[in-house]
Protein chains: 2
Amino acid sequence: MSDSARPARMSTITDVAREAGVSVATVSRALRGLDRVSPETREKVIQVAEELNYMASPTATSLASGRTEVVGVVAPFLTRWFFASLVSAIEKSLRARGHHVLLFDLEDESYDSRLHLSQNLLWRRVDGVITLNLPMTDEELALLDRLALPAVAIGTPMPGHPCVRIDDADAMRQATEHLISQGHRRIAYIGAVPGNVAHVLTPQGRRRAFEETLAAHGIPLREEWVLNCDWTADAAAEHTSALLTCFSAAERPTAIVAASDEMAFGAMAAAHRLGLHVPDDLSVVGIDDHTLSNVLGLTTVRQDVEAQGQVAANLLLGALLDDQPLDPSVMTYVPTELVVRDSVAPPR
Amino acid sequence: MSDSARPARMSTITDVAREAGVSVATVSRALRGLDRVSPETREKVIQVAEELNYMASPTATSLASGRTEVVGVVAPFLTRWFFASLVSAIEKSLRARGHHVLLFDLEDESYDSRLHLSQNLLWRRVDGVITLNLPMTDEELALLDRLALPAVAIGTPMPGHPCVRIDDADAMRQATEHLISQGHRRIAYIGAVPGNVAHVLTPQGRRRAFEETLAAHGIPLREEWVLNCDWTADAAAEHTSALLTCFSAAERPTAIVAASDEMAFGAMAAAHRLGLHVPDDLSVVGIDDHTLSNVLGLTTVRQDVEAQGQVAANLLLGALLDDQPLDPSVMTYVPTELVVRDSVAPPR
DNA sequence: CTGAAAGCGCTTACAG
DNA sequence: CTGAAAGCGCTTACAG
């Protein structure tokens with residue numbers, strides 16, 4: 001039965017030193033595998049440490065060494081597929097090399113805003129930070145700088161720090177080109193975001209690429225077919241539904257590209273609910289390859305989220321563990337690929 | 001530009017003391033709001049601290065005080081809806097009261113096993129732990145005890161510690177009763193788990209309740225209609241598909257209850273793919289009320305995951321902050337409710 | 001109300 | 001190869 005009143009008494013480095021008949025300095029060196037320790041001494045120390053179930057106190061080590069072996073992972077949301085997958089991959093990569101993740105979920109009440117990083121969240125608490133698709137404010141960038149924290153961005157780049165991401169424009173181009181190659185020219189878009197939502201950038205990049213791809217094929221853009229959305233499936237369903245009911249069958253878009261798979265699910269569901277058949281009445285394509293995309297038969301552009309998390313974690317670990325300085329100009333693109341399933345067909 | 005080589009030089013308590021013309025002890029007291037400090041002194045200290053942008057080093061504070069103000073959150077997976085939602089809710093509740101979350105994702109290569117908590121993950125690193133649907137091994141329980149760590153469980157109970165959860169049996173009963181009330185008697189089940197999968201318990205409880213509910217209505221259990229599943233939508237789709245193709249239309253189950261919404265999605269998709277209509281050819285009900293359940297029209301038993309995270313976090317914070325000892329016998333049930341949507345209809 | 005001092009448990013020059 | 005000592009930056013009795 002745990003009892004928070006009774007403090008845990010575990011052995012300290014002093015206990016080990018006494019028991020092994022050496023100084024604490026020697027214990028420290030022996031256990032950390034530093035040289036300048038005789039094999040016999042080391043062996044003895046290790047053995048005693050094991051007997052005593054000794055383990056260096058991370059907090060004492062931190063104070064003395066200046067490193068915490070924890071990295072801050074900061075996200076604007078957590079409950080969406082992309083972010084949860086990222087955190088999971090990062091946590092595993094870091095733990096494999098003795099580091100831990102302190103998690104910050106900056107989600108606010110509304111999609112329009114988010115909380116901000118502050119000194120008390122990071123100062124002496126983490127050795128570095130990984131941002132997940134988070135445009136940093138100038139104040140936040142200044143904070144990282146002042147705290148001298150190495151950082152790497154995933155998704156949305158962070159000025160002055162390396163970044164790993166997919167090529168949003170390219171991914172969107174693949175999605176849109178796929179529709180066009182099937183003969184679609186009446187194509188709607190869901191996932192635009194109002195100008196005041198400044199804490200997410202992905203929407204801008206993808207939308208621009210959509211418009212450019214249309215333009216490259218001489219397809220005129222229909223502003224009223226570019227739908228705003230907070231990137232949830234529910235909102236996507238609503239907006240898609242509104243769009244589809246606005247037009248007669250002949251006037252309607254024949255396809256819709258969603259800037260994320262979750263929105264694509266919403267679009268498919270909306271069509272379904274209106275008695276329209278996907279893909280025959282409406283083709284849908286997304287970006288992500290969400291866990292549910294396979295089962296729902298969604299044609300999409302896959303991004304490897306796990307790989308992005310691993311690359312970012314290892315970049316940071318290189319700086320932390322191997323003194324490989326981070327190159328601020330690094331921009332690592334993880335490739336994407338079109339995954340054809342059942343949600344796209346030629347227009348009727 | 002961040003430069004990990006240049007160490008951050010921030011002011012320490014000594015700087016503040018010097019500047020304010022008092023001792024470090026006084027600074028410590030003044031800033032922490034302890035009594036026995038004259039108003040003028042306190043004011044002066046606070047002012048100087050602000051000027052110097054001073055902030056106590058958490059690692060030094062930890063070493064001196066013995067508390068880290070971080071709690072370990074440990075989950076068997078992270079990328080599933082239930083867990084991500086829980087982590088998000090917990091992080092917010094903890095941060096609101098000055099605590100942080102150190103995240104442990106114990107997911108292993110296979111669904112059949114998981115990694116284990118060990119001393120080096122927790123010792124002197126966290127003040128307490130919250131487990132997410134995780135049956136603890138005896139060794140892990142002993143570890144918590146040895147480290148004297150207060151802990152609370154969410155979902156799967158943890159012997160000797162309080163727990164917050166839903167009533168699995170009741171939730172499953174609601175789901176199954178709903179089907180029966182609509183006239184179904186040929187009901188399949190998906191979400192059973194082989195006996196060797198010992199690190200998740202929810203499947204057992206739900207399955208038992210399903211069988212009991214059938215029995216209560218005098219409906220014989222068909223073993224071959226109880227489907228194993230690793231609780232992913234993909235596997236659920238496969239198994240459902242196999243089941244549905246095994247039988248002629250007249251011999252088939254008319255409904256299926258899924259032990260989670262993600263599996264329900266799989267079941268719906270499988271039916272759809274076989275040309276069967278949900279709910280007319282096959283009714284489907286789940287448990288959860290996943291973010292996507294609304295858009296997909298799934299009838300389900302809703303559980304309030306956010307509430308579970310908040311209750312657990314506040315329970316732990318009570319022990320940590322207010323010295324309210326944790327009562328090991330506490331079992332808090334968060335209510336569930338049936339949410340009727342479009343995936344259930346009377347059998348043909 | 002305030003300060004000097006010990007202590008938290010390590011690491012890291014510095015001697016030897 | 002090893003130890004004594006200072007130092008990391010706080011908190012906490014203990015005096016006064």
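All values below were derived from every heavy atom in this structure, side-chain atoms included, with hydrogens, water molecules and symmetry-related copies excluded. Just so it is clear: chains get the letters A, B, ... in the order the sequence lines come, proteins before strands, and each one is counted from 1.
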Could you tell me whether [X] and [Y] make a salt bridge, using a distance below 4.0 angstrom between a side-chain N and a carboxylate O?
{"X": "E91(B)", "Y": "R95(B)", "answer": "yes"}
{"X": "R114(A)", "Y": "E140(A)", "answer": "yes"}
{"X": "K92(A)", "Y": "E306(A)", "answer": "no"}

Under a plain distance cut-off of 3.5 Å, with no hydrogens placed, do [Y] and [X] share a side-chain donor-acceptor pair?
{"X": "T59(A)", "Y": "S62(A)", "answer": "no"}
{"X": "D108(A)", "Y": "S110(A)", "answer": "no"}
{"X": "S88(A)", "Y": "S85(A)", "answer": "no"}
{"X": "T41(A)", "Y": "S38(A)", "answer": "yes"}
{"X": "Q47(A)", "Y": "E43(A)", "answer": "no"}
{"X": "N133(B)", "Y": "T202(B)", "answer": "yes"}
{"X": "S28(A)", "Y": "R32(A)", "answer": "yes"}

- Item | Upstream residue (5' side of DNA chain C) when T41(B) and Y54(A) are each assigned their closest nucleotide |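 Closest to the 5' end, via its nearest nucleotide, is T41(B).
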- Message: Does anything in residues 21-28 of chain A come within less than 4.0 Å of DNA chain C? Heavy atoms only, and list the residues if so.
- Response: A25(A), S28(A)
- CA sep, side-chain torsions, deciding dist, call: L86(B), Q308(B), side-chain contact (heavy atoms from CB on, under 4.5 Å): CA-CA 7 Å; L86(B) 233 28; Q308(B) 292 176 71; 4.2 Å; yes
- Message: Run the ring-ring contact (aromatic ring centres under 6.0 Å, His included) test against F104(B) and tell me which residues pass, sequence neighbours left out.
- Response: H100(A)
- Message: I'd like to check the ring-ring contact (aromatic ring centres under 6.0 Å, His included) partners of F77(B); sequence neighbours left out, ordered by chain and number.
- Response: F83(B), Y111(B)
- DNA chain D: first to last nucleotide in contact with chain A (atom under 4.0 angstrom from a heavy atom), 5' to 3', is dC1(D) to dG9(D)
- Where each residue is assigned the nucleotide of DNA chain D containing its nearest heavy atom, which of R29(B) and I13(B) is assigned the position nearer the 5′ end?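 Looking at DNA chain D, the more 5' nearest nucleotide goes with I13(B).
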- Watson-Crick and G-U pairing of DNA chain C written in dot-bracket, each distance under 3.5 angstrom, with | for inter-strand partners: |||.||||||||.|||
- Taking only heavy atoms on the protein side, list every residue of residues 55-67 of chain A lying under 4.0 Å from any atom of DNA chain D, sorted numerically. L63(A), A64(A)
